[in-house]
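Quick caveat, the model's predicted, so the values are computed rather than measured. Letters A, B, ... mirror the listed sequences (proteins, then strands); counts begin at 1.
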Amino acid sequence: MQEVLQELNPQQRQAVLHTEGPLMIIAGAGSGKTKVLTTRIAYLLSKGVNPFNILALTFTNKAAKEMKERIQKILQNRNAVNLFIGTFHSVFARILRYEAQHIGYPSNFSVYDTDDTKGLLKSIINQLNLDEKKYKVSSVLHRISDAKNNLISPKDYLENPKIQQEDVFRKQGSLGKVYEKYCEECFRNGAMDFDDLLLNMYRLLTQIPESLHKYQHKFKYILIDEYQDTNYLQYQITKLLAAAHENICVVGDDAQSIYSFRGAVIANILKFDKDYDNVKKIILEQNYRSQQNILGAANAIIKHNKSQIPKNLWTNIPAQEKIKYLQNTNDSDEAKKIVEIIKEQSLRHHYEFNQFAILYRTNAQSRTFEESLRRQNVPYKIYGGMSFYQRKEVKDVLAYLRIIVNPQDNEQLKRIINVPARGIGKTTIEKCLIISAEKNISFYEVLVNSQHYDFRQSTATSLQNFCTLIQYLRTLTAKHNAYELADTVCKQSGLFKELKEDRTVEGIARYDNVQELLNSIKEWTELPDDESGELIDKSLGAYLQQITLLTDADNESEVEQKSVKLMTVHAAKGLEFSCVFVVGLEEGLFPNSQILQSAEDLEEERRLFYVAITRAKAKLWLANALSRYKFGQITYNESSRFIDEIPQEFVEKLIVKSHFFNESFSKPVDYDFEQNKTGFSKNVMSENPIEISPSTHTKVVGLDSKGVYHQHLGNYKIEQKINHPKFGLGTIINLEGDAHNPIAHIKFNKFPTEIKRIFLQYAKLEIIP
DNA sequence: CTTTACCCACTTTTT
DNA sequence: GTGGGTAAAG
C-alpha cells in the first residue's frame, strides 16, 4: 500500500488519506481521478474497513467494472468481495430486489428499458384516446421522467396549476392522466423503469425508517464518481444515505458536465460545500494525459464559459505537434481524408489502429466513416447506436424469458404473444385486455382461463397452445439454468424455425444475433463461481436481473480491440486515445442547433467540445466539411465557432482540396484566429445583467447595428408573446445582436425570476398573436 | 389474420 | 437512407 501511495502527487495523496468527513474532489480532465478513487478504496480496506461498509456509485457499467478491476489489482489477493461498486441503477436495483416487499413490489420485478417504456406509453396514449400526433411518445416520456426525477408524483402533477397550465399550453392537457396511468400500469406489471429504480430507492429510504437506518449504517463510506452528472433525485438519495456518517466523497469536474439534458444538475457539485459542514475541497490540476498544445487549447476553450470552478490545468508533457484543423469540401471527403491520415500515421509512427478514435456529435455521422473505413480496409468498431440488446430478435427472446419469470409483465406478453405469428392478432389482444380490465385479473390469467370467454374456435386453440407453451417453460425454471431455458424457448416457440426460413441477408443476421445471445447466456452460466467460494446463482431470474441494466456487450473480441474506435463525444467521456479526430465541427452540427436555444445550452456544447479534445494524448485533428448530406439533401454549413475559440498558437490549418470537385466549388474561408468573426460569442459571454428599459417597448426588432431593417425578424418585437418548445410561454422583453445572430431576452412564465437569452435563429418560437 | 407496399419522420446525447 | 407504422389487399 505504501508504494501505491508514493506514486500519487500531493493532492491525490491528500484525497486518498482524507477518509473521514465530507470530501469534494474537483478532478480536471486526465488528472488521475479513477486512480484516486480506486486507491482510496484500497486504502480504506487496508486500514481494516469492512468492504461491506463501502458504497461506490458510478454512472456507467464500464466505469464500475474498471474500478473493480483496478482495486483488485492494487489489493492483489486480498478480498474485495461484498464491495458495493456499481451504477446508481444497478446498485439500487439490487437493494430494491432485496427490500421489494417494503414497497409492494415482487422481488423479481422487471426493469423496463426505454423501448419497453415507450411501448407502454404508446398503448396508454391510445387507451385514453389521445392524439398520437400531439402526444409524441418521446416528449411524453421526457416530461414524465422529469417529473419523477424532481419528485413530483402523479398526484402533485395533477394538482399543480402551473404544470397543468403548461401542459394545456403544450396541447397535452391530459399528460397528468397519462403519467398517473403509466405509474399504475408499471406497478401492475411488476415493472420499474430506469427512473423508478431511483425513485423507489428514495421511497424506501424516506418511508421505511428501518431501511433508512439500515443502509445509513451499512454504507459508512460513500464514494460518488462524476458527481456533476447527478440529478435532483440522485442528489437527495445520496444525501439521505450519507447523513449518518457523512463520510461522503464526491468526485467530478464541472467542466465536463454534459448531461444536463437528462436532468443533471451541475449545482450539485458547485454547492457541495454548502450541504455539509467542514467540507474538505481538493482540486486535481495536474494533467497526465495530453501534451501542451492540446491542453492549452482545452484551457482556452473552457474559459469562454461563465460559471465554473476556477482551475488551472497544467502538464509536464512537453508540446508536440500542433492541433491540425482540416477543412474539407464535403462529408465524404472528410471521412476519406481522415482514414487516409489514420493509415499514414499507423505506418509512419507505428500506431496500432486501436490508438485512434473518431469522435462525432451525432450517431448519424458514423455512416460516412464506416463506408470509408471499410473501403480502405481499416478495422473499426462503432460504439453506440443500436445496441445488441435493443435488436428486435434479441428483445423477442428476452421477452419470452422475462414472461417466464414475471408473468404479470403485460408489455412483454403483448410483444411475443404473436411472435412468431400464431394467429393471435390485434382484435384478440384488445379483447383480452378488455376482459382483463373488467374482471380485474392479469392478461396472463385471461389466457390461462381463455376457455371461459367466448373466443372463436381457432383463436381459442391458438391461445391454449401459447398458454401451454409458457406453462411448460415455467415448469422448467426450477431445474434448468438460464442457457437451457433460453435454448428451449428458441426451439419450442418456433422462433428458430421462423428465422431459419428467412434466407435474406438481414434474416441470416437476425438468426446469428439470436445465436450470439444464446452463446452469451451460455458463457454467463459457465462463469466460474467467485474466488471466495460464493455460489453464484445461474438461474434465469439471476440472469435477467443483470442483463437489463447492461447496455453494451462489454467483452470485445480480439479484432475489435485492434480497431479504430468510432463513437459520440458523450460516449468517449472518461476514455483516452493517442490520436483523436473530432469531426463535423460545423455550426448547427457541433454546436448542434437543435439544442442551441439558450446561452446555457451553448455552454454545455462547449463543455462537450472540451471533453472531446481532452481525450487526446498526443495528436489531435479537428475536421469539418463545407457541405454535408442531411436527409439525402446537401446542406452548407459554416465552420464551428469552437474552432475560432482556440488560440492560433496551438493550431495549424489545412484546407483539404476536394477529390471530386474543382476549386470553384469549394469556397475556403480564411480564418483569423485572433478576431471573432461573428462578434457573437462576445455578446453571449457578457456577464452584465440584462437591463429592461420600459421605454423601448415599441421598438421593432431586426434593426442591425447600421439601422438596416431585416424582414425576417419583423415578427419579433418587444412585448411579443411567444411559445418556446422547451420553456413554454413567455414574453420578449428586449432584443440584441445583429441581423445574423439576433438574440431575444425572454421572460418565461415558468421562470418568473429570470430572463433567458434566446438565439432567434435557432429557437423554434411560435408567435402568439 | 397476415402480408405487402407505401409513406413518413427521423437525427442529440443515455442509465 | 433508414426503419417503423399504417392502410389496403390477399
Side-chain angles (χ1 to χ4, degrees), chain A residues 57-64 86-93 111-115 117-119 122 126 132-133 136-138 141-142 145 148-149 192-199 225-226 229-231 233-234 257-264 359-368 370-371 383-387 389-392 417-430 456 458-459 462 498 506 548-552 567-573 584 588-597 601 604-605 607-609 611-612 628-633 635 726 762:
Chain A
L57 296 174
T58 65
F59 276 84
T60 64
N61 294 306
K62 206 158 78 189
T87 62
F88 279 88
H89 295 87
S90 67
V91 167
F92 294 167
V111 174
Y112 278 0
D113 66 17
T114 312
D115 287 340
T117 299
K118 284 185 174 170
K122 207 179 156 206
N126 285 329
E132 275 189 73
K133 293 254 156 55
K136 280 178 62 181
V137 174
S138 54
L141 169 60
H142 190 247
S145 175
K148 284 184 179 173
N149 283 302
M192 296 191 198
D193 66 15
F194 289 140
D195 301 321
D196 289 332
L197 291 171
L198 306 178
L199 192 57
D225 193 15
E226 308 280 15
D229 288 338
T230 49
N231 65 29
L233 182 49
Q234 287 163 327
S257 164
I258 54 174
Y259 284 110
S260 78
F261 70 90
R262 63 172 196 208
L359 308 182
Y360 34 77
R361 180 64 181 81
T362 68
N363 276 314
Q365 286 164 261
S366 66
R367 248 206 28 247
T368 358
E370 179 166 24
E371 276 167 24
Y383 292 81
M386 172 87 97
S387 104
Y389 294 103
Q390 287 176 303
R391 289 169 192 278
K392 262 193 287 349
I417 194 164
N418 201 28
V419 176
R422 50 170 73 85
I424 306 174
K426 207 170 138 195
T427 25
T428 310
I429 294 172
E430 304 245 289
R456 275 219 330 256
S458 61
T459 313
S462 302
E498 193 194 32
E506 302 86 35
T548 327
L549 293 166
L550 201 72
T551 37
D552 40 9
M567 63 187 90
T568 63
V569 181
H570 283 90
K573 188 163 139 199
L589 187 59
F590 196 177
N592 193 290
S593 56
Q594 308 217 11
I595 60 151
L596 264 194
Q597 286 166 359
D601 286 345
E604 178 143 319
E605 291 287 295
R607 288 193 294 269
L608 195 54
F609 183 57
V611 168
R628 160 180 313 276
Y629 275 96
K630 213 173 190 179
F631 296 123
Q633 281 208 322
T635 55
K726 193 163 154 195
Y762 296 124

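Judged purely by atom type and a 3.5 angstrom limit, E605(A) uses its side chain to pair as donor or acceptor with the backbone of N592(A). Put simply, the side chain of R422(A) gets close to the backbone of I417(A): a donor and an acceptor are under 3.5 Å apart. A distance-only check finds a donor-acceptor pair linking the side chain of N231(A) to the backbone of Q234(A) [under 3.5 Å].
What separates OH of Y383(A) from P of dT13(B) is a distance of 18 Å, to the nearest Å. Between the CG atom of D229(A) and the P atom of dT14(B) there is a distance of 12 Å, rounded to whole Å. Between the CG atom of N363(A) and the P atom of dG3(C) there is a distance of 14 Å, given to the nearest Å. In this structure, K392(A) places its NZ atom 8 Å from P of dG3(C), rounding to the nearest Å. The separation between K118(A) atom NZ and dC10(B) atom P is 11 Å, rounded to whole Å. For the pair L197(A) CG and dT14(B) C1', the interatomic distance rounds to 14 Å; values are reported in whole Å.
For T568(A) and dT14(B), the shortest distance from a side-chain N or O to OP1 or OP2 is below 4.0 Å. Considering only side-chain N and O atoms, T428(A) lies under 4.0 angstrom from the phosphate OP1 or OP2 of dC1(B). Within the structure, every side-chain polar atom (N or O) of N592(A) is placed at least 4.0 Å from both OP1 and OP2 of dT11(B). Within the 4.0 Å cut-off from OP1 or OP2 of dT2(B), at least one side-chain nitrogen or oxygen of N418(A) is found. Residue K573(A) places no side-chain N or O under 4.0 Å from the OP1 or OP2 atom of dT14(B). Put simply, T60(A) has no side-chain N or O that comes within less than 4.0 Å of OP1 or OP2 on dT14(B).
Salt bridge absent: E370(A) and R367(A) never bring a charged side-chain N and a carboxylate O closer than 4.0 Å.
Residue D113(A) is classed as having no contact, given no heavy-atom separation below 4.0 Å to the nucleic acid. Counting any heavy atom pair closer than 4.0 Å across all strands shown, S90(A) reaches no nucleic acid atom. Using a 4.0 Å heavy-atom cutoff across all strands shown, F261(A) reaches at least one base atom of the nucleic acid. In this structure, R456(A) reaches neither bases nor backbone, as no heavy-atom distance under 4.0 Å exists between it and the strands shown. Within 4.0 Å of K136(A), counting heavy atoms only, lie sugar-phosphate atoms of the nucleic acid but no base atom. Across all strands, A421(A) comes closer than 4.0 Å only to sugar-phosphate atoms, never to a base (heavy-atom distances).
Taking atom C1' on both dT11(B) and dT6(C), the two are 22 Å apart, rounded to the nearest angstrom.
Between Y259(A) and H570(A), the angle of the ring planes lies from 30° to 60°, which puts this pair in the tilted group.
Across the strands present, dA8(C) finds its partner in dT3(B); the criterion is a Watson-Crick or G-U wobble pair with both atom distances under 3.5 angstrom.
In this pair, Y259(A) does not lay its aromatic ring on the base of dT14(B); centres under 5.5 Å and planes under 30 degrees do not both hold.
Looking at which nucleotide of DNA chain B each of D195(A) and I424(A) is closest to, the 5′-most match is held by I424(A).
Looking at T362(A) and Q365(A), their side chains do bring a donor and an acceptor atom within 3.5 Å of each other.
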